[in-house]
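Right, one structure below, let's go through it.
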Amino acid sequence: MAIGGKSRVAKRSSSVSYASTVTTVVFVTLCVLGVWMLTSNSVSSPQTTTTTRTITDTNSDIAFSGSNEEQPSKINEDQKDKAVFEDNPGQLPDEAVKPDDDKVSESDDLDKVKEGAAVEETRHGLQGKESAEEQEKQKMSETQISEESVLTQNQQSKQNGLKEVEDNKQMSNEEPIKVHQEETINNRDPLEDQDQIRVVEKKQINEKPKERRGKKKKKHAESIERPLETTMIGKSKKDDVAEMEDEPRVNKPKIQDQLEEDEPKGTKQLNQDQLEEDESKGTKQLNQDQLEQDEHKGNKLQNHDQQESQVQGIDNATFNDETKDKPEILNATQTDTFQSLLKTKTNQETAEKDTQIEAQQQHESTSEETLGSTIPKESNESKNAWKSQKAQSENEKERRRDESSGKESLYGYTWHLCNVTAGPDYIPCLDNEEALKKLRSTRHFEHRERHCPEEGPTCLVPLPKGYKRPISWPKSREKIWYNNVPHTKLAEFKGHQNWVKVSGDFLTFPGGGTQFIHGALHYIDFLQQSVPNLKWGKRTRVILDVGCGVASFGGYLFDRDVLTMSFAPKDEHEAQVQFALERGIPAISAVMGSQRLPFPCRVFDVVHCARCRVPWHAENGMLLLELNRVLRPGGYFIWSATPVYQKLPEDVEIWNAMSSLTKAMCWDLVTIKRDKLNSVSAAVYRKPITNECYDKRPDNNPPMCKENDDANAVWHVPLRACMHRVPINPAERGTRWPAHWPNRLQKAPYWLNRTQMGIYGKPAPQDFVKDYEHWTRVVSKLYMSGLGISWSNVRNVMDMRAVYGGFAAALKDIKVWVMNVVNLDSPDTLPIIYERGLFGMYHDWCESFSTYPRSYDLLHADHLFSKLEKRCKLQPVLAEVDRIVRPGGKLIVRDESDAIGEVENLLKSLHWEVHLTFSKDQEGILSAQKGDWRPTAYQASI
């Protein structure tokens, strides 16, 4: 092109200079020059087009910082574009041709256009040697490229023929201004062009983006002959590329128009690294306008979904087919319960226009005001105000030593059956054969105490052959399935005393015992007549039955509104505690041995022993002194045994020893009454309510315990033959008798200090009230009908992590009993539970519980597993849950969402049916049911 330009100037100059020459010479010269000019013009137009194309590509590379690795593909695409423009008839307006001249390859164009739109006019006005400089990096030099381009275009012009020459001549005539600008640009210094282009581009981008975009958009709309609407803005990038191949002259202006529409809306350009990465991976992205529109639509849909979930109340609840078939599982009121129960304070959503949402929010707000903080969160500060059983026991044992010695998900885990001698009756902490072999002595029944394995078992206990779902209460008190507890020795030895009898497929319980063969109810009435102040179910609410047998005494005390904690050692009488639990009567496997019982001090209203075979007088009365520790001041000890009414030498000796011991303990012998029907007698003792008798004793025997001896410390704490003084401070627990039942259930204990912070951060009495209100609401509105539980089939219930006993209190009007477990490392609130007329025990869930397999119909765990997983693995804990729960039994878990997920995986691996899971704000609830599944393979060894 440069050569052609110079020839035309030289021609005009020579015409003036040689005007006076000979006509012949002039004519010949003019003819030669004319032919030569025609040839030069035929090269000029294609050359101009090609040069402009190269500049555009280079500028595009500059704008997008294209890597050198992409240059070969761009050169090939340039060659394709040349052919396209050579076929151009050249009759389009100037503005319509420019975008074609600037067009890049189809794959690069779509990614680069977002940056290119902002500097488009700069590239059209200042297309020069900068592109040649970039091409020099790919081949030889700027000069070589220009020469090669000229030679190439000359060859092409010769091949295309006269028609192409005429077409290009017409194009050159229609674009004199453009050719002149390009000639001027090509004559400029490359470095100056490069610097100037960058400065001008930056200036134009910063100063006049909107004005020029508007003008350019208008020009494109007028110049483009085909409809731009053929490709919609909302199409995917794949569709855009396909249309670019079909309509190369239309696509780029359209995308530029899209960008020009986006930029005023605050569209941000992609950074260079993103573009380079996208180009290298061949990723085709949606333009920014598409993303904004999709995001806007997505937000609308999300808001709509949130509105619908607020109306429904539950958006994350999942049910299995069984639960979905029960419409009573969740209703509008219960879904509100979910949301208000899972958090201390539910965050209120922004007010919506929909009236249903507003009503829902108003309902939630009302619920919050009614319940205060609803389910309270434990306060960190409260931990300093409460002692835990672990701390108390460790301190006590340490003090005594000083005196004497100066998370992977487990779903799909393969379970095995426990390979143990105990078989279906396996209790890990009581059947630890390895530990029992190492015992030095069994004189104090150490072999009947807890000896837990170092790691909790992860095996499953097999079912007895022919096991059936238990009979429901109250029929279960009279009979149970024989195959469920297939033991007959007790019936053989105690059948004549009406303990238990075999009757076909059943084991029947006439309601008798060793001391009341004619029935427990008569015996209970006999005791009431003997001691009118007992007042069963009013003054006397919680009692301890030592050596309970099959627990008929406690079973029939339910008719008098009395809760009985029954216990007996395992295997002293075959499966006696297992019989009790199968009947629906509370009982645990324990023994009066060498360690304290797992109960707080001064909590039982009455302690009962009917032929319990405990040597109370031995070892300086150490075992009877343990009963003194757990008996409430003013409480009764009822002793119904042969030494009370028989005159055999052994019985007389025991009676004399007991009389001396009880007198030294300041127990008052209230009465000795004879039951003529059963031909037995009972002696009733009463514990003192003051320390006056202790101070007047001539001998300090049994001795008083030291002041620093913690009477509440019980976990693996050895027994000691001493007595604790009776509290005399009016604000201390034990100085007054609790209110009569049922008033004591709802009333905060008088000794709860208002200055003491409660578990949930409020003053302790307020904490107590809020906890009761919360669990009353949860049980009535959710648990009773929202979890698909048939409560008529529920009898034995355990709260695995009780605090104030609110869950058990809320079940007061249902024919169930609840074992409240206060964890070893939790605040010691068990005395509060007893004070309100409920019962429970201490336990560490990193160990096995002292009960038989298949003992409970329902377990309730409130924020237990998230705390346990900090100390021990959840796998053995869930294996223990599976051991305790009966087939068909339920588990309700309320915990952090992560813990809920892990528990759910474990339960599914155990083939439990997960009926419901619900989560909100990192809190969740789960309801599951145990099936009949058992693995077939046995564990190698234990």
Side-chain angles (χ1 to χ4, degrees), residues 313 331-348 360-379 382 385-386 738-739 741-754 756-787 789 791 797 799-814 816 818 820 822 826-827 829-838 840 860-864 892-895 918 920-921 923 925:
N331 54 40
T333 304
Q334 293 156 358
T335 55
D336 169 63
T337 304
F338 271 123
Q339 297 188 20
S340 61
L341 301 182
L342 295 178
K343 287 286 289 181
T344 302
K345 293 183 179 180
T346 303
N347 296 326
Q348 296 294 336
Q360 177 73 7
Q361 291 176 341
Q362 183 177 2
H363 183 62
E364 291 179 355
S365 176
T366 304
S367 300
E368 292 291 341
E369 294 174 359
T370 302
L371 295 178
S373 60
T374 65
I375 179 58
K377 289 287 187 182
E378 294 188 15
S379 170
S382 68
W386 295 80
W741 178 263
N743 294 334
R744 65 193 286 183
L745 179 70
Q746 304 177 23
K747 187 177 181 180
Y750 70 89
W751 44 266
L752 271 185
N753 192 345
R754 294 184 179 276
Q756 181 182 10
M757 182 181 293
I759 304 302
Y760 305 121
K762 297 180 180 295
Q766 295 182 25
D767 247 20
F768 177 92
V769 173
K770 294 297 182 183
D771 179 79
Y772 177 64
E773 290 176 348
H774 165 74
W775 286 113
T776 300
R777 178 172 176 263
V778 171
V779 170
S780 63
K781 294 188 176 182
L782 177 60
Y783 288 4
M784 286 296 101
S785 58
L787 300 181
I789 298 174
W791 287 92
V797 180
D799 191 354
M800 300 179 69
R801 185 178 174 270
V803 180
Y804 295 119
F807 170 68
L811 296 174
K812 174 182 70 71
D813 297 328
I814 306 175
V816 301
V818 181
N820 293 280
V822 173
S826 297
T829 56
L830 193 54
I832 299 176
I833 292 173
Y834 276 93
E835 192 78 4
R836 66 190 306 182
L838 307 172
H860 180 261
D862 179 32
H863 284 86
L864 170 67
I892 301 174
V893 180
R894 178 184 178 274
D895 216 315
F918 173 83
K920 179 180 176 67
D921 299 332
E923 293 288 318
I925 187 171

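Side-chain contact, His863 with Arg894: a donor N or O sits under 3.5 Å from an acceptor N or O.
Of all heavy-atom pairs spanning Val779 and Ala810, the tightest one is CG2-CB, 3.6 Å. Nearest heavy atoms, Gly805 versus Arg836: C-NH1, 3.8 Å. Counting all heavy atoms, side chain and backbone alike, Tyr834 lies closest to Arg744 at O-NH2, 3.2 Å. Between Tyr783 and Trp791, the shortest heavy-atom distance links the atoms O-NE1, 2.9 Å. The two residues Ala809 and Leu838 make their nearest non-hydrogen contact at N-CD1, 4.0 Å. In terms of heavy-atom proximity, Val803 sits nearest to Ile833 at O-CD1, 3.8 Å.
You'll find the side chain of Pro749 reaches within 4.5 Å of the side chain of Phe768, heavy atoms only. At least one side-chain heavy atom of Ile814 sits under 4.5 Å from a side-chain heavy atom of Met784. Here the side chains of Arg801 and Ser826 are in contact, with some heavy-atom distance below 4.5 Å. Contact annotation: the side chain of Trp775 approaches that of Val778 to within less than 4.5 Å [non-hydrogen atoms, C-beta and beyond]. Using a 4.5 Å heavy-atom cutoff, the side chains of Tyr760 and Lys770 are not in contact.
How far CD of Glu923 is from NZ of Lys920: 11.5 Å, rounded to the nearest 0.5 Å. The line from CD of Glu835 to OH of Tyr804 is 14.0 Å long, rounded to the nearest 0.5 Å. One finds the CG atom of Leu811 at 10.5 Å from the OG atom of Ser780 (value rounded to the nearest 0.5 Å). The structure places CG of Asp799 at 7.5 Å from CG of Asp862, a figure rounded to the nearest 0.5 Å. Atom-to-atom distance recorded for Phe918:CZ and Ile925:CD1 is 9.0 Å, nearest 0.5 angstrom.
Ring pair His860/Phe807 is parallel by interplanar angle, where below 30° counts as parallel and above 60° as perpendicular.
Remark: Asp767 does not engage Lys762 in a salt bridge, criterion side-chain N to carboxylate O under 4.0 Å.
When each of Val822, Asp771, Asn820 is tested with Thr829 by the rule side-chain contact (heavy atoms from CB on, under 4.5 Å), just one qualifies, namely Val822.
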